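In what follows, a structure is listed as structure tokens, so that the remarks can point back to it.
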Amino acid sequence: MPCKHYQSVSDFYRRKFGAKIYKLSIDAGCTCPTRDGTKGTGGCIFCSAAGSGDFAAPRGLSVAQQIARAKLLVQQKNRNGRYIAYFQNFTNTYGDPAALEAEYREAIAAPDIAGISIATRPDCLDGGILNRIASLCSTTFVTIELGLQTTNEHTARYIRRGYENSAYDDAVRRIHNANPSIHVVTHVIFGLPGENDADMLETVRHSVRAGTDGIKITVLYVLRGTALAEEYGAGRFRCMEMEEYFDIISRAIELLPENIVVHRLTGDGAKRLLIAPLWTADKHVVRNAMERWFDAHDVLQGRNGAVP
């Protein structure tokens with residue numbers, strides 16, 4: 001049986017804002033508890049030195065300067081559109097709450113900003129910072145992106161995630177209680193070492209049960225300079241093949257209620273750092289291949305036909 005249509009992020013944004021939305025990667029100058037010695041020093045096993053923010057502007061610039069610079073890079077792709085300021089790399093609620101709130105508000109005040117998206121860890125959302133984020137909803141659209149990656153606790157320890165699944169469940173509940181209009185997005189990685197299809201699909205099911213509003217899925221890719229690269233070089237795991245990934249993605253889509261927004265079905269690492277799988281190097285090529293695979297296997301796509 002074919003999958004039902006999923007709600008793509010582009011459709012979601014067009015309904016909400018009446019315009020095309022492009023995300024601008026912003027660096028808030030944060031670190032992470034798995035890097036600063038609180039819970040570890042090496043970071044998650046797959047995380048690059050930039051903390052998943054390889055596409056962000058230099059952190060020496062102010063938030064307003066970063067936004068202006070990022071707009072220049074994408075203005076041809078987003079004529080007459082608006083933007084979401086995406087605090088992407090490291091843990092963007094980990095730091096002085098007042099200073100972080102000032103950075104969020106600086107982003108909101110920039111021209112053509114429709115909202116902000118704050119990437120963080122479920123264990124770094126205490127009441128002080130969460131209440132400040134909730135207060136932003138009176139003036140802008142707010143998204144909190146939580147790095148779950150997997151609900152297999154053994155895998156979570158292997159990748160050095162640094163918290164248990166209960167922390168994620170609690171974070172989603174507290175975010176919704178703080179302000180129901182906050183849009184919660186859950187990050188998931190398929191192809192983590194040692195995981196099978198059942199593990200990956202259970203992570204999606206768990207995210208749905210916990211109450212996520214959106215989901216981001218990517219295949220695991222190996223970047224130079226990471227602990228994962230050492231594991232891969234030692235032959236301790238293999239990366240997923242492209243059609244293997246497309247197949248598990250199609251089954252994951254079937255698990256999603258229609259109210260859940262699909263923010264991403266494919267990602268790409270920085271090309272200068274990418275070791276494997278090399279088929280992920282060009283995101284546009286992968287998107288096109290995924291759309292063709294979906295068509296060939298009678299998998300219904302997002303309503304606008306595009307893979308996010």
Side-chain angles (χ1 to χ4, degrees), residues 6-13 23 32 34 44 46-47 51-53 84 86-94 115-125 129-130 133-134 141-153 155-156 159 161-192 195 197-221 245 248-267 302 307-308:
Y6 59 79
Q7 183 179 184
S8 70
V9 67
S10 56
D11 288 337
F12 173 72
Y13 284 151
K23 292 178 79 172
C32 178
T34 61
C44 291
F46 51 79
C47 201
S52 300
I84 284 181
Y86 180 24
F87 291 87
Q88 182 179 11
N89 50 328
F90 299 108
T91 304
N92 293 280
T93 58
Y94 189 59
I116 63 170
S117 186
I118 302 167
T120 190
R121 296 166 53 94
D123 57 344
C124 293
L125 270 172
I129 191 64
L130 183 54
I133 294 172
F141 174 66
V142 177
T143 298
I144 294 179
E145 303 196 18
L146 298 175
L148 175 63
Q149 320 310 356
T150 179
T151 51
N152 182 314
E153 295 281 19
T155 308
I159 65 174
R161 191 180 68 180
Y163 65 84
E164 296 183 347
N165 292 334
S166 57
Y168 164 79
D169 298 339
D170 182 60
V172 175
R173 178 187 59 79
R174 290 188 297 106
I175 291 168
H176 287 318
N177 287 343
N179 195 314
S181 65
I182 297 175
H183 185 71
V184 178
V185 177
T186 300
H187 288 222
V188 172
I189 297 177
F190 283 174
L192 288 165
E195 293 212 340
D197 290 1
D199 293 318
M200 296 178 235
L201 295 177
E202 175 55 26
T203 297
V204 175
R205 291 190 187 95
H206 190 114
S207 303
V208 171
R209 290 194 301 267
T212 194
D213 300 304
I215 193 162
K216 274 187 172 182
I217 306 175
T218 188
V219 69
L220 178 72
Y221 44 80
Y245 180 63
I248 191 67
I249 281 288
S250 69
R251 285 185 279 155
I253 290 171
E254 293 179 336
L255 303 176
L256 301 177
E258 291 185 358
N259 64 298
I260 291 185
V261 181
V262 177
H263 285 254
R264 182 181 66 195
L265 291 177
T266 179
V307 170

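When a residue number appears, it is its place in the shown sequence, counting from 1. Everything quoted here is computed from the prediction, not taken from an experiment. For the numbers below, each heavy atom of this structure counts, side chains included, while hydrogens, waters and symmetry mates do not.
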inquiry  = Would you compute the distance between atom CZ of Phe141 and atom OG of Ser117 and round it to the nearest 0.5 angstrom?
reply    = 8.0 Å
message = On a heavy-atom basis, which atom in Val219 and which in Tyr245 lie closest, and how many Å separate them?
response = N-OH, 3.3 Å
message = Regarding Arg173 and Asp169, does a basic nitrogen lie under 4.0 Å from an acidic carboxylate oxygen?
response = no
ask   = Minimum heavy-atom separation for Ala134 to Ala178, with atom names?
value = CB-O, 3.8 Å
request  = Before giving the answer on side-chain contact (heavy atoms from CB on, under 4.5 Å), spell out for Ile84 and Tyr13 the whole-Å C-alpha distance, their side-chain angles and the decisive distance to 0.1 Å.
outcome  = CA-CA 10 Å; Ile84 284 181; Tyr13 284 151; 3.4 Å; yes
ask   = Thr91 pairs by side chain to side chain contact (heavy atoms under 4.5 Å, CB included) with which of Ile118, Thr120, Asp123, Leu125?
value = Thr120
request  = Using atom types as modelled and distance alone, determine if a side-chain donor or acceptor of Ser207 lies under 3.5 Å from a backbone N or O of Thr203.
outcome  = yes
Asn152 backbone acceptor or donor facing Asp199 side chain under 3.5 Å = no
ask   = Counting N and O atoms only, with roles assigned by atom type, does the side chain of Arg161 sit under 3.5 Å from a partner on the main chain of Thr150, one being a donor and the other an acceptor?
value = yes
message = Rounded to the nearest 0.5 Å, what separates atom CD1 in Ile248 from atom CG in Leu201?
response = 4.0 Å
note = Nearest heavy-atom contact between Ala167 and Pro122 is O-CB, 3.6 Å
ask   = Is it true that the side chains of Glu145 and Tyr86 contain a donor and an acceptor less than 3.5 Å apart?
value = yes
note = All heavy atoms of Cys124 vs all of Ile129, minimum pair found to be O-CG2, 4.1 Å
inquiry  = Go through it in stages, so that I can follow the logic: the residues are Leu220 and Phe190, the test is side-chain contact (heavy atoms from CB on, under 4.5 Å), and I'd like the CA-CA distance, side-chain angles, deciding distance and then a yes or no.
reply    = CA-CA 6 Å; Leu220 178 72; Phe190 283 174; over 6 Å; no
request  = Identify, with sequence neighbours excluded, every residue that meets ring-ring contact (aromatic ring centres under 6.0 Å, His included) alongside Tyr94.
outcome  = none
key: Where Ile217 and Ala252 come nearest, the two heavy atoms and their spacing   = CD1-CB, 4.3 Å
inquiry  = Under a 3.5 Å distance rule, please check whether Asp213 uses its side chain to pair with a backbone N or O of His183 as donor and acceptor.
reply    = no
task = Quick one: pull up CD1 in Ile182 and CZ in Arg174 and give me the separation to the nearest 0.5 Å.
result = 11.0 Å
inquiry  = Could you measure the distance from the CD atom of Gln149 to the OG1 atom of Thr186? Nearest 0.5 Å is fine.
reply    = 10.0 Å
key: Test side chain to side chain contact (heavy atoms under 4.5 Å, CB included) applied to Arg209 - qualifying residues, sequence neighbours left out   = Glu202, Arg205, His206
task = Check whether the side chains of Asn165 and Glu153 place a donor and an acceptor atom closer than 3.5 Å, and report yes or no.
result = yes
message = Are the side chains of Leu146 and Val184 in contact, using a 4.5 Å heavy-atom criterion?
response = yes
ask   = Could you go step by step and tell me if Leu130 and Ile175 meet the side-chain contact (heavy atoms from CB on, under 4.5 Å) rule?
value = CA-CA 7 Å; Leu130 183 54; Ile175 291 168; 4.0 Å; yes
key: Approximate separation, where rounding is to 0.5 Å, of Gln7 CD and Leu256 CG   = 10.5 Å
inquiry  = Go through it in stages, so that I can follow the logic: the residues are Ile133 and Val142, the test is side-chain contact (heavy atoms from CB on, under 4.5 Å), and I'd like the CA-CA distance, side-chain angles, deciding distance and then a yes or no.
reply    = CA-CA 8 Å; Ile133 294 172; Val142 177; 3.7 Å; yes
inquiry  = Hydrogens and angles aside, do Ser181 and Asn179 bring a side-chain donor and acceptor to less than 3.5 Å of each other?
reply    = yes
inquiry  = Between Thr151 and Tyr168, is there a side-chain donor-acceptor contact under 3.5 Å, judged purely by atom types and distance?
reply    = no
ask   = Are His187 and His263 close enough that their ring centers fall under 6.0 Å?
value = no
inquiry  = Determine whether a donor-acceptor pair (N or O, by modelled atom type, separation under 3.5 Å) exists between the side chain of His176 and the backbone of Gly211.
reply    = yes
task = Drop me the distance from Phe12's CZ to Ile260's CD1, to the nearest 0.5 angstrom.
result = 12.0 Å
ask   = Is there a side-chain contact between Thr266 and Thr218, using heavy atoms and a 4.5 Å cut-off?
value = no
inquiry  = Between Ile215 and Val185, is there a side-chain heavy-atom distance shorter than 4.5 Å?
reply    = no
Non-hydrogen side-chain atoms of Ile144 and Thr93 separated by less than 4.5 Å = no
request  = Check for a donor-acceptor pair, side chain of Arg121 on one end and backbone N or O of Gly147 on the other, with a separation under 3.5 Å.
outcome  = no
